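Below, all heavy atoms of this structure are taken into account, side chains as well, without hydrogens, waters or symmetry copies. Being a predicted model, the structure only gives us computed values, none of them experimental.
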Amino acid sequence: MGKQKIRQKDDQQAWAELAAKELRGRPLEDLTWQSPEGIAIKPLYTEEDLEAISYDSSFPGIAPFQRGPRATMYTNRAWTIRQYAGFSTAEESNAFYRQNLDAGQKGLSVAFDLATHRGFDSDHARVSGDVGMAGVAIDSVEDMKILFDGIPLDEMSVSMTMNGAVLPVLAGYVVAAEEQGVAQKDLTGTIQNDVLKEFMVRNTFIYPPQPSMRIVADIIGYTAQHMPRFNSISISGYHMQEAGANAVQEVAFTIADGIEYVRAAIATGQQVDKFAPRLSFFFCIGMNFFMEIAKLRAARILWHEHMQQFNPQNLASSTLRTHCQTSGVSLQEQDPYNNVVRTTIEALAAVLGGTQSLHTNALDEAIALPTPFSARIARNTQIIVAEESQVTRTIDPLGGSYYVESLTHSIVEHARKLIREVESLGGMTKAVISGMPKQRIEEAAAQRQARIERGEDVIVGVNKYQAEEQQAQLDVLRVDNAKVRDAQIRRLKEVKASREQVKVDAALDSLYKAAKDKTGNLLDLAIKATRCRATVGEVSYALERAWGRHEPVAKMTPGIYAASYADDPAFTRVHDEIKIFTDIEGRAPRILVVKMGQDGHDRGAKVISNAFGDFGFDVSMGALFQTPSEASEQAVSLAVDVIGVSTLAGGHKSLVPELVELLSKRGMQDTIIVVGGVIPKQDYQALYDIGVHAIFGPGTNIPDAASKILKLIPGRNR
């Protein structure tokens, strides 16, 4: 061993001399870089880097599971190929699911529209622009039965991304299965049911944090008893990365969420080994290939480590199993066919990291909902990796890699510190209420945006290697929101006309009393109400009567964007332009940033608000989930120069025209209106025609956008 170490040092010295020669005078330290997670990434890793590792190495399937949760991993059975999808109506979604299952997909992942997420029926006035726009509209069990028509629910694993309205949606699935002849004990799949991350990043919550935690615990308890093959929660880091979190933040906050859910379930009297084996996780896979692989390995180590405090006797209780999805944020509107390559790289990282199931995003999702053509490419990406790449032939092929093992250790160490910080605040519920995780993620998002704009993080086709010629527009999926809503309202009327209202009222009243008095199991009562044909909106409102609806307060984080820029010329240029405006006009330019409709993805709105505030704009943020009427009223009261509409889920086609019309009626027809977000190029002209002054798609350079907007404002004294 002594001779081996001497030889290794000699070889390392020889490598350093060769590298210095090849660098031609540049310092060797230039090859080391600092990752966004604060991890120093060296150009070379050796056996010495493994000596600091603080956990025991293991075989796959053996604690602490860094090499995988199953002993044989993909050599015995590949991961489950899923495609997360929902197309406006239950009929269209059902046809898409059946087509994909015939083409090799192994499980269903259901995307619901935003009205459903937020617990509103399709006939509610607040969701007129949201019905069917980002997933399938579900108002009652009759919709759920159509959604799964011809799909045997005792054979098919079904994953449902639902958090706010999780009770009526899960109840609808259970009742639809019952009426298909499938017992609850035979159902397999996963419900997301992760409400804590909603308060951090995703924002499709309905009730305040603490009563929301009761829903989580009741679902865990009910499924442990009645649905033993069903995963009662998918603890999700995915949306954290999409909101800007780095890998350490994603894994640390996700594990901390999981710890909190276990505590909540135990507090209701449940035994850890009765429910913990059915807990699952959900991570985002971005473009830092080895960081994402190491992140999944680190997550398994951390979960096993932190579960020991609950003294589980079943090894499965501390085994982290996860679904993964390739990143939506990494997809770009510019040169969109590059997105196929990005998704492939991310899919391979998920597989080499040891995921149990995977969804691959479609190339056009930075522009609109995926078409059947793009969805087929995304699905086939997984099939090609599974069937052609041969990576499934060897268990954990990167196990023992000096770099991967060292990077895994670094993530574990950094995440442990962040988890301890969460615990010092009293656990994740209290941390979320304090706002700490949300602020950290927003800081990371601003830093990421600044790195992109400075060219430090290269995005091909966006900030480097831009196409010289304008490319042909992609065909995009179009949803007729009005048509979908009309159809949903007709079915709602039919359901209500054919049910026994006395039974519905009694079931909803029982649910309300149980929520208010802290009695009974809420999922059990929601299932009973759903059997009577209570709707998603009615079940949700019964709980809202007891707990109220959570109203988030829009907050900015001044200084984080400016701190990321330091003395950058682009930042200084815009800052100086705004100072000139302010000196001439006697005030700063005023902008109101709004999110209309039920889409809670506010990363873009937050980044823009913080950046524009740091440039020198007088920035106001509208509350989440505003109607066009509420946004226009706020604009009038603030006498703003500019309204910036942030949009993601297709609502721009109905909500922006309504906003323009209301502003005109209120005498603010000269207000500058700009729109940013996921908008197909095909929709640009229609927005310009109604009076939108500028449109900024994904990948927009923020200093350039700020300068352009400033020039649009008519000056009184200039």
Just by distance, with hydrogens left out, do His601 and Asn203 show a side-chain donor and acceptor under 3.5 Å apart?
no
Who are the side chain to side chain donor-acceptor pair (under 3.5 Å) partners of Thr344, not counting sequence neighbours?
none
Does the distance from a Lys or Arg side-chain N to an Asp or Glu carboxylate O, for Arg603 and Glu442, drop under 4.0 Å?
no
Enumerate donor-acceptor pairs with a distance under 3.5 Å from any side-chain N or O in residues 620-628 to protein atoms, sequence neighbours excluded.
| from | atom 1 | to | atom 2 | distance (Å) |
| --- | --- | --- | --- | --- |
| Gln626 | NE2 | Gln634 | OE1 | 2.8 |
| Thr627 | OG1 | Glu630 | N | 3.1 |
| Thr627 | OG1 | Glu630 | OE1 | 3.4 |

Any side-chain donor near an acceptor of the partner, Lys711 and Ser707, under 3.5 Å
yes
With sequence neighbours left out, the residues meeting salt bridge (charged side-chain N to carboxylate O under 4.0 Å, His left out) with Lys595 are Asp599
Residues at least two apart in sequence or cross-chain that pass side chain to side chain donor-acceptor pair (under 3.5 Å) with Thr204, listed by chain then number, are Glu198
With Glu658 via salt bridge (charged side-chain N to carboxylate O under 4.0 Å, His left out) - residues at least two apart
none
Salt bridge (charged side-chain N to carboxylate O under 4.0 Å, His left out) pairs, two or more places apart, involving residues 667-678
none
Verify the distance criterion only: is there a donor paired with an acceptor across the side chains of Gln192 and Ser234 at less than 3.5 Å?
no
Non-neighbouring partners of Gln334 that pass side chain to side chain contact (heavy atoms under 4.5 Å, CB included), sequence neighbours left out
Gln332, Val462
Among residues at least two apart in sequence or on other chains, which ones pass ring pair (Phe, Tyr, Trp, His ring centres under 6.0 Å) with Phe283?
none
Can you pull out every salt bridge (charged side-chain N to carboxylate O under 4.0 Å, His left out) where at least one residue sits in residues 240-256? Sequence neighbours excluded, please.
Glu250-Lys295
Whether Glu421 and Lys417 form a salt bridge (side-chain N of Lys/Arg under 4.0 Å from carboxylate O of Asp/Glu) is what I want to check.
no
For Glu633, check side chain to side chain contact (heavy atoms under 4.5 Å, CB included) against everything at least two apart and list the hits.
Ser629, Arg666
Tell me which pairs pass salt bridge (charged side-chain N to carboxylate O under 4.0 Å, His left out) where either residue lies in residues 687-704, with sequence neighbours left out.
Arg573-Asp704
If the condition is ring pair (Phe, Tyr, Trp, His ring centres under 6.0 Å), which residues does His550 pass it with, not counting sequence neighbours?
Phe199, Phe205
Thinking salt bridges, do Arg454 and Glu456 make one under a 4.0 Å N-O criterion?
yes
